Amino acid sequence: MKRALPRHFSATLLQSQRKLLPFSPHNNGGLLQKLPKICPIPSFTSNPRRVFTNSLPPPEWIEPFNDVSDLLSSPGNLNPSPWVSQILNLLDGSMDMEANLDSFCQKFLIKLSPNFVSFVLRINDLRKKPDVAFRFFAWASKQKKYAHRLETYVSLIDCLSLSSDLDRVRLVFNDLRQKGFLMTVSGANSLIKSFGGLGMVEELLWVWRRMKENEKGIEIPPHAYGLVIGGLCKEGKCMEGYTVLESMIKKGCKPNVAIYTALIDSYAKHSSMNEAINLFERMKNKGLEPDQVTYGVIVSGLCKSGRLDEAMEYFEFCRGNGIAVNAMFYSNLIDGLGKAGRVDEAEEFFEEMVEKGCTRDSYCYNALIDALAKCGKIDEALAVFKRMEDEGCDQTVYTYTIIISGLFREHRNEEAIKLWDIMIDKGITPTAASFRALSIGLCLSGKVSRACRILDDLAPMGVIPETAFEDMINALCKAGRIKEACKLADGIVDRGREIPGRIRTLLINALRKSGNADLAMKLMHSKIGIGYNRMGSIKKRVKFRVLVES
DNA sequence: CTAGGGTTAG
């Protein structure tokens, strides 16, 4: 019987000591307990001769299988090395698990190779204990000169995914991603299975892309196709998604309604409405029945591309053919009609939906309020806003944003500001877009500093509109109020901040357009708003005001 | 439980 004997023993031990063999983890009573006495654990020294004479040989990496010759003589019938069961016994999840592993390895002068670690992680007993697996993985990486390989990561992720330990999977995956391993087919297949099962699309797509860079022939389980296609569709990569659809069909994997719907929606959202309809027809030709959601994305896409009459045809088709229409259908139609200036029809749908037994949600109210506000019917918009409250539908930050913009458009500034305050009082968290509506309105009504003060109040609420100054300066420039725009830019300088290049460009263009080409040139070639000294601390900066005051 | 769909403005 073959023994899992570290090679260096035969090379370095005295003949007499070797006679004490057989030696194995199963029989460790004889020689090994004496070893420390014969050769004490060496202290490190820079003198190679000392190492040679006084120390034990370096620990040997052990592999999960005894010998390569096993593999040659009886492939498929490999016996794991006895070390495997020894290590497995130590993986008990106890407090001193790591310490026990350390002393065991020290005692037997072994180190566990990445292959070994990976093999152990694949053993069923351990796969049921993700905590222990994770600790073992972390412990292994602390061995001297040890480096995890792709396979160890893959095995651990497989183990963690079985118990849906999402946080740890992410942690381990982030680590893996930084390593830059070359992806293997087996690694990719395992990872895709893990991520597919957990619905981790980003991670799955990463593996898939990594794989495409190298080889082909990767086995994607059917569910993972859906995740990959869905992930690509969400990123707006419908063409790539379509390619995956074709490859899944080629592999004999049948796409379902959900996969087609995701693709149709993605095409519809990226101004390829005709492609979306083509795919919709192809899906029907294959015998798949589009459902509520499929029709929903078709109607929504048609509405967004202004093809309202077609949208209404599909809508009527649904109603006549037992496909339930929901509030989403209505909100899309109301929004589309409103944006096309067909407000009366939008109102009809709004009234009709409740009669047909469909409850209005905030999207429906918001769409109609927006339609009314945009065509100057701000009072009617306010009436619907009030109705929304009366009818028990919660107003959202979108509702307020629409109303605030509408009020400013009609120069009803005080009412707009009042609504902002009501929104805050109601505990509705503002968004960057809602602040944009407010700040632009304030700037154009000459209340730039008030906008800045409100902006300062947002930070403690965790709302940081990144383009706030840019939006405000842009609004002022567009209104031809360059002096005020410059003053606002100086406000940023006063706060000790650098003026972003985008804002400089904005002001340069505004100056050019307003016939101040010379000032535009001056700004372009100056360091107005910029200025750090060599140590990176703030230098006195030139203010924008000098441009318009000179 | 059951892969897929939603709003502000530019």
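Chain identifiers are assigned alphabetically (A, B, ...) following the order of the sequence lines, protein sequences preceding nucleic acid strands; residue numbering begins at 1 within each chain. What you are looking at is a predicted structure, and each value in this text was computed from that prediction instead of being measured.
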Applying a 4.0 Å non-hydrogen cut-off, can you work out what [X] is touching in the nucleic acid: base, sugar-phosphate, or nothing?
| X | value |
| --- | --- |
| A:Thr294 | base |
| A:Ser300 | nothing |
| A:Val397 | nothing |

Which of [range] have a heavy atom under 4.0 Å from DNA chain B?
| range | answer |
| --- | --- |
| residues 285-293 of chain A | A:Asp291, A:Val293 |
| residues 362-387 of chain A | A:Tyr363, A:Asn366, A:Asp370, A:Lys374 |
| residues 471-486 of chain A | none |

Residue pairs meeting salt bridge (charged side-chain N to carboxylate O under 4.0 Å, His left out), one or both in residues 413-424 of chain A, sequence neighbours left out, come to A:Arg412-A:Glu415, A:Glu414-A:Lys447
ring-ring contact (aromatic ring centres under 6.0 Å, His included) contacts touching [range] (sequence neighbours left out):
| range | result |
| --- | --- |
| residues 452-483 of chain A | none |
| residues 418-459 of chain A | none |
| residues 377-418 of chain A | A:Phe385-A:Tyr400 |

Along DNA chain B, first and last positions that approach a heavy atom of chain A under 4.0 Å = B:dA3 to B:dA9
With sequence neighbours left out, write down each residue that passes side chain to side chain donor-acceptor pair (under 3.5 Å) with A:Arg387, or none if nothing qualifies.
-> A:Glu351, A:Glu391
Compile the donor-acceptor pairs under 3.5 Å between side chains in residues 196-205 of chain A and protein atoms, sequence neighbours left out, one pair per line.
none

Measuring from A:Tyr242:OH to A:Leu232:CG, what's the distance to the nearest 0.5 Å?
-> 14.5 Å
Does A:Glu470 have any salt bridge (charged side-chain N to carboxylate O under 4.0 Å, His left out) partners at least two apart in sequence or in another chain, and if so, which?
-> A:Arg502
Sequence neighbours excluded, the answer for salt bridge (charged side-chain N to carboxylate O under 4.0 Å, His left out) partners of A:Lys304 is none
